[in-house]
Amino acid sequence: MLKELLMNQASHDEILAFLEDKHAYDIVQMLSELDSEQQTVIFDLLEPEKLAEVLSYLEPEEAAGIINELEPSEQKEIVEELEPDDAADIINELPEESRTELISALDKDEDVLELLGYDENVAGAYMTNDFIAVEAIEDVKSATKNLIKKAGDVESIQTIFVVDHEHHYLGQVSLKALIKAKYPLTMSDIMIIEPTFNDHADVDDLVKHMKYYGGYDIAIVDDQNVLVGMITMDDILDIYQDEAVEDFEKFTALPDTDFEENVFKSSLQRLPWLLILLVLSIPIALVTSNFEELLASVVILALFQPLILDSGGDVASQTLAVTLIALTNKDSNATSNGIKEIISGTLSGLVMGLLAFFVTAIFGYVLAIDHIWLVATVVGASLWLTVILAPTLAFIIPTILNKLKFDPAVASGPFITTLIDILSIFIYFGFATILLGGITHV
Amino acid sequence: MFDFTLSTAKLKNELAKLHESDIATLFEENEKEQVKIYQALSVKRFADVFFMLNEDTQKEFYESLNIDQKKSLLKSLEIDDLKTFIEIFKLKEHASIISLLPKSTQVQVKRLLAYDENTAGSISSPHFISLSIDTSVKEATSFVTTESTDKDEIDVIFFYDESDAYVGAISLQKLIMTRANQLLKNVVNEDYPYVFEDEPVTKTVKKIRDYDIDIIPVLNPNHQMIGIITADDALTAMEEIHIDTIGEMVKVHEIDEDDSPLQRTFKRLPWLLISAILNLVIASFLSIFSQTLEANVAIVLFQPMILGMAGNIGTQSISVTILGLHQEKIEPMKHFWKEVAIGLINSAIAGLVAMGIVFIFLWILPKDYNHITELSLTVGISLAIAMFISAFSGVLLPFILRKMGADEKAASGPLISTINDFTALGTYFFVATLILMSI
């Protein structure tokens with residue numbers, strides 16, 4: 001629609017009127033349909049306040065690109081209109097020079113300055129320091145009056161934080177609780193104490209925290225428990241989403257998925273993983289090469305190899321998934337969970353091993369193969385052992401990684417299953433050599 | 001360690017210091033003290049804790065209560081939470097639980113239960129405030145502060161017109177800042193986003209995230225509001241979708257940590273056995289290639305490579321497609337052709353690299369192999385073909401499943417991967433027969 005307006009040479013006033021009550025997100029969608037010239041026209045047209053809003057809905061890199069094109073005085077204006085956390089994200093994406101210039105141009109008490117110092121993985125980098133805090137002794141009536149006065153300056157008054165003289169976190173009150181409270185109650189009477197989070201703590205731990213405690217506007221405090229910022233629900237949803245997608249990608253050996261990327265770039269991004277996995281299958285070939293005589297005389301072993309490998313992979317993936325989820329839950333007992341997985345593997349393996357044993361025997365009978373029972377035993381026993389080994393590794397490896405403070409999701413499915421493949425081939429051909437070795441022809 | 005020997009009053013004090021989630025953990029870990037905790041908490045507080053418990057604990061505890069206690073507990077739950085609770089039980093037990101509810105609640109719960117799973121309606125809550133657009137600012141503020149119940153969400157107030165159709169919304173924040181002499185008509189945001197009751201949950205979650213809102217209204221086909229979904233609900237939904245997606249891939253549904261090993265085995269064995277049986281069936285079909293295998297045992301060396309790589313690229317394709325579908329970020333046709341192109345490129349490159357690696361490998365090994373070149377060629381070509389087929393079907397399947405109304409995540413399950421294996425190995429042995437048996 002915006003596109004049509006521009007094509008039909010609509011006047012600036014008409015365009016502005018059209019954009020007036022559109023949500024910033026919708027405006028961003030409409031902008032993506034325009035070419036860069038048209039986009040520049042729109043950006044020049046918008047008032048700083050509206051422009052700031054629109055920029056906050058773009059990816060920080062894109063927004064930084066646009067801001068970089070503006071005059072320094074305009075840049076300052078925009079930053080002042082932006083929410084501090086959005087401003088911090090965008091400023092951090094600016095090229096070095098522009099960044100320093102802009103920062104020195106800002107007023108000394110500008111909220112965003114405090115946020116720029118944080119590392120990108122910590123809670124501080126995600127928080128906004130634009131919030132409302134009242135002292136515990138204040139009564140609800142005067143607090144509400146104060147609130148209404150400040151309401152225009154702050155983005156969200158959904159949650160009002162309660163602090164002491166020195167700005168230490170004491171509790172929080174939701175807007176709806178405040179509105180309904182009757183005088184002469186004080187803020188400390190109606191406040192709820194919610195768990196807080198440290199500004200330098202890892203944002204991954206925040207996800208764990210939220211899964212356990214549920215979602216709410218969370219107070220971010222420093223080491224002295226002084227309230228320094230908050231992370232609101234909408235940011236929490238975004239954080240969770242990014243984390244979930246990242247976990248999923250690691251689990252399936254995908255790189256950072258960008259749906260906008262062109263074909264060649266996407267191919268090139270996935271290729272390293274594929275090639276690494278390709279190279280990893282060489283050790284498997286190496287192990288197998290030691291058993292060639294055996295294979296030549298008992299070809300049926302080759303046909304059942306996929307069964308052993310696939311089952312190992314299936315069970316390993318299951319345990320891996322369960323372990324990863326347990327490791328990201330606060331109230332999980334990952335160890336007891338792991339042990340249960342291994343025992344379950346033992347039980348499943350027994351059933352599957354027996355099944356494989358009998359089917360192999362029938363198979364061997366029908367194809368008139370020699371030493372049916374030995375072959376069947378090899379297949380059945382290997383399957384059983386593999387299905388015990390698989391969950392053991394799939395549990396131990398991510399758990400160790402986690403203990404060493406690495407992200408356990410790095411131990412993704414394909415890597416663990418390749419490792420298990422190598423070991424299960426040893427088992428398979430090992431058994432075969434022991435039981436059938438005597439009968440191979442050279 | 002928590003001291004349960006305290007008097008009820010003292011216990012209540014101690015518990016008041018804890019977060020509901022922590023009380024819930026305490027509850028689950030101390031079965032014998034559950035009644036004590038129940039008695040020490042107020043009805044409202046207990047309802048909050050109850051909802052944090054895992055499903056088995058909820059069920060068991062509920063069943064241990066007498067009729068009056070049951071009624072009181074049910075009454076304290078919010079209606080969407082009530083619906084979630086009832087769904088824990090088997091269908092035939094629903095009626096008896098519903099009969100314990102007050103009449104008006106019964107109607108609302110039944111309505112929620114009637115929605116299809118995964119629709120916006122099914123996770124909506126009727127605890128919202130909606131007023132006529134002609135209401136004055138004063139009336140609206142007064143209604144919100146004095147007449148709304150504890151369960152109602154008042155952070156966003158919704159409005160309807162004469163025909164009851166949804167018009168727009170205003171945040172509580174904005175409402176209290178609005179001067180009494182202004183008309184709500186002029187202040188209300190008519191562009192406030194909404195979803196329809198039978199739109200998928202993924203779409204709802206995406207809208208909440210895209211527009212950064214805390215509450216989204218749910219409308220029926222007549223544009224009338226029938227419920228709301230909060231950002232908190234969205235977070236819960238996101239967690240479930242995430243676990244479901246991974247769960248489908250590995251065929252572990254309802255990941256419940258309290259399951260004993262035996263229970264886990266029972267739940268997973270069916271699929272594992274089906275997988276194993278399919279594998280055995282494949283093995284029997286592939287036995288027609290026995291001659292080729294006997295004559296060229298070296299082929300077996302690279303069997304895992306073929307299977308593994310076909311599997312890996314297939315997983316990548318399927319996962320990217322599922323991710324895209326969930327995030328509603330892709331256009332089917334464009335995505336399809338893009339993935340096919342990626343599959344083609346990567347399969348070809350992998351095939352070439354494999355050819356080289358296999359050649360070097362066989363050459364370096366102290367053992368003497370015949371026909372190294374032909375073998376490398378076989379592996380390279382089969383790998384490329386097998387990988388491409390796998391990548392191709394990996395993109396196609398989720399779309400087909402979605403079209404058929406089935407869950408697209410099932411594309412990642414063992415059935416499909418076993419069929420992939422069949423195709424991959426079949427290709428391998430076939431190409432091997434062509435190249436190596438004709439020498």
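Below, read A as the first sequence line, B as the second, and so on, with proteins coming before strands; counting in each chain starts at 1.
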Side-chain donor-acceptor contact under 3.5 Å, [X] with [Y]:
{"X": "B:Arg264", "Y": "A:Asn337", "result": "yes"}
{"X": "B:Asp22", "Y": "A:Tyr212", "result": "yes"}
{"X": "B:Tyr211", "Y": "A:Asp26", "result": "yes"}

Which answer fits [X], side chain, backbone, both or neither, if we ask what part of it has an atom under 4.5 Å from a heavy atom of chain B?
{"X": "A:Tyr57", "result": "side chain"}
{"X": "A:Val359", "result": "side chain"}
{"X": "A:Leu301", "result": "neither"}
{"X": "A:Asp235", "result": "neither"}

A:Asp238 with B:Arg209: basic N within carboxylate O range, under 4.0 Å:
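The answer is yes: the pair qualifies as a salt bridge.
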Which one of [options] has the most heavy-atom pairs closer than 4.5 Å to chain B?
{"options": "A:Leu254, A:Val28, A:Thr288", "value": "A:Leu254"}
{"options": "A:Gly313, A:Pro306, A:Gly345, A:Ser266", "value": "A:Pro306"}
{"options": "A:Ala356, A:Ala177, A:Ala302", "value": "A:Ala302"}

Ring geometry between B:His19 and A:Tyr216 (parallel below 30°, tilted from 30 to 60°, perpendicular above 60°):
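Answer is tilted, since the angle falls between 30° and 60°.
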With only heavy atoms counted, which part of B:Leu365 is less than 4.5 Å from chain A, the side chain, the backbone, both or neither?
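Contact with chain A is through the side chain of B:Leu365 alone.
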Identify which part of B:Leu269 has an atom lying under 4.5 Å from any heavy atom of chain A, answering side chain, backbone, both or neither.
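Contact with chain A: side chain only.
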Given A:Ile343, A:Val351, A:Leu347, the one that forms side chain to side chain contact (heavy atoms under 4.5 Å, CB included) with B:Thr265:
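That would be A:Leu347.
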What's the separation between atom CG in B:Asp155 and atom NZ in A:Lys176, rounded to the nearest 0.5 Å?
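Between atom CG of B:Asp155 and atom NZ of A:Lys176 there are 5.5 Å.
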Among B:Asn346, B:Ile213, B:Leu307, who wins on heavy-atom pairs under 4.5 Å with chain A?
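Of the candidates given, the most pairs with chain A belong to B:Asn346.
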Could you tell me whether the side chain of A:Lys180 and the main chain of B:Val144 form a donor-acceptor pair under 3.5 Å?
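Checked: no pair found.
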